Amino acid sequence: MTRPPGKILPLVAALLCGAVLAQAAKPSDHSITSAAPVVQVASAHGPLSPPITHKQDTSVGPRKPPHPSQRSITPTTAPDDWNLTAHGKVLYLTFDDGPQPEWTPKVLQVLRKHKAHATFFVLGIQVAQFPELVTLERAAGHHVGNHTWDHKTLTLLPDAKMRQEIASGVKSKCLRPPTGATNAKIEATAAALHQRQVLWDVDTEDWTKPGTAKIEHEILRGARPGAIILMHDGGGNRSETVAALDSALTKLTKLGYTYQSLPC
């Protein structure tokens, strides 16, 4: 597998250094910025396939925002952690399909600029290629969720393959099924693997590359206490997402919003 272009490495190194220093300076009992377990990726998969280059799975059609009750499925021992509307004007920014060597560091830069924490739903195949980027995410205080091994639509797979896709993804307390396609069997499989299914409230549809203004509009329009907002740091050129995120967070912070990671 090829490694990130040389021009990306200084940015990654600088971000990692800054994140580690910031982590060391913060109180150790802060629930959001505490160090997370080391990433674990299953290894028995044969040759790695190419990185994901698109988001939409045409077999299931465009994604639609789920009902808020679909956010989480499996039981939890700390239900108050998932009462996302109980923390005031807090938004939950989430990013799918990474890590990616060009756009993930740029998303991290914007988040650091606005003192925002987020949740990255990563693909196992991408983590295997760019593990240092997941280390960077965790070091900066962000949380990491499972987005399966290589973005197969789970509802279209035989049971054994569906379970393998979930189990082979990054180790996490949370699962986000690709394209949001799910059913009771997938929910039960996630629960058996001690993973809570997490969808979203606001789909910015940034994977369609609708323009920076449109993505920003969707973020601002959907902002409300406890909302989970879906964006992408992988799967293609994310320059529009990076620009829209920076502009939207500037405006939302002035409105009193803060940004936390999901309890994954």
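Since the model is a prediction, treat every value here as computed from it, not as a measurement.
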Salt bridge (Lys or Arg N to Asp or Glu O under 4.0 Å) filter on Lys214, not counting sequence neighbours, yields Glu218
Name all residues meeting the salt bridge (Lys or Arg N to Asp or Glu O under 4.0 Å) criterion together with Lys251; count only those two or more places apart in sequence or in a different chain, and write none if there are none. Glu216
Which residues pass the side chain to side chain donor-acceptor pair (under 3.5 Å) test with [X], not counting sequence neighbours?
| X | answer |
| --- | --- |
| Thr241 | Asp206 |
| Thr253 | Tyr259 |
| Thr148 | none |
| Ser239 | Asn237 |

Spell out, as yes or no, whether a donor-acceptor pair under 3.5 Å connects the side chain of Lys89 to the backbone of Leu255. yes
Qualifying residue for side-chain contact (heavy atoms from CB on, under 4.5 Å) with Leu93, from Leu262, Thr119, Leu245: Leu245
Assess whether side-chain contact (heavy atoms from CB on, under 4.5 Å) is satisfied between Cys174 and Phe121, documenting all intermediate values. CA-CA 9 Å; Cys174 298; Phe121 285 93; 4.0 Å; yes
If I take atom CZ from residue Arg176 and atom CG from residue Leu230, how far apart are they, to the nearest 0.5 angstrom? 5.0 Å
Here the gap from His143 atom NE2 to Ser261 atom OG, rounded to the nearest 0.5 Å, amounts to 4.5 Å
Side chains of [Y] and [X]: any donor to acceptor distance under 3.5 Å?
| X | Y | value |
| --- | --- | --- |
| Gln195 | Asn146 | yes |
| Asp96 | His151 | no |
| Thr182 | Gln197 | yes |

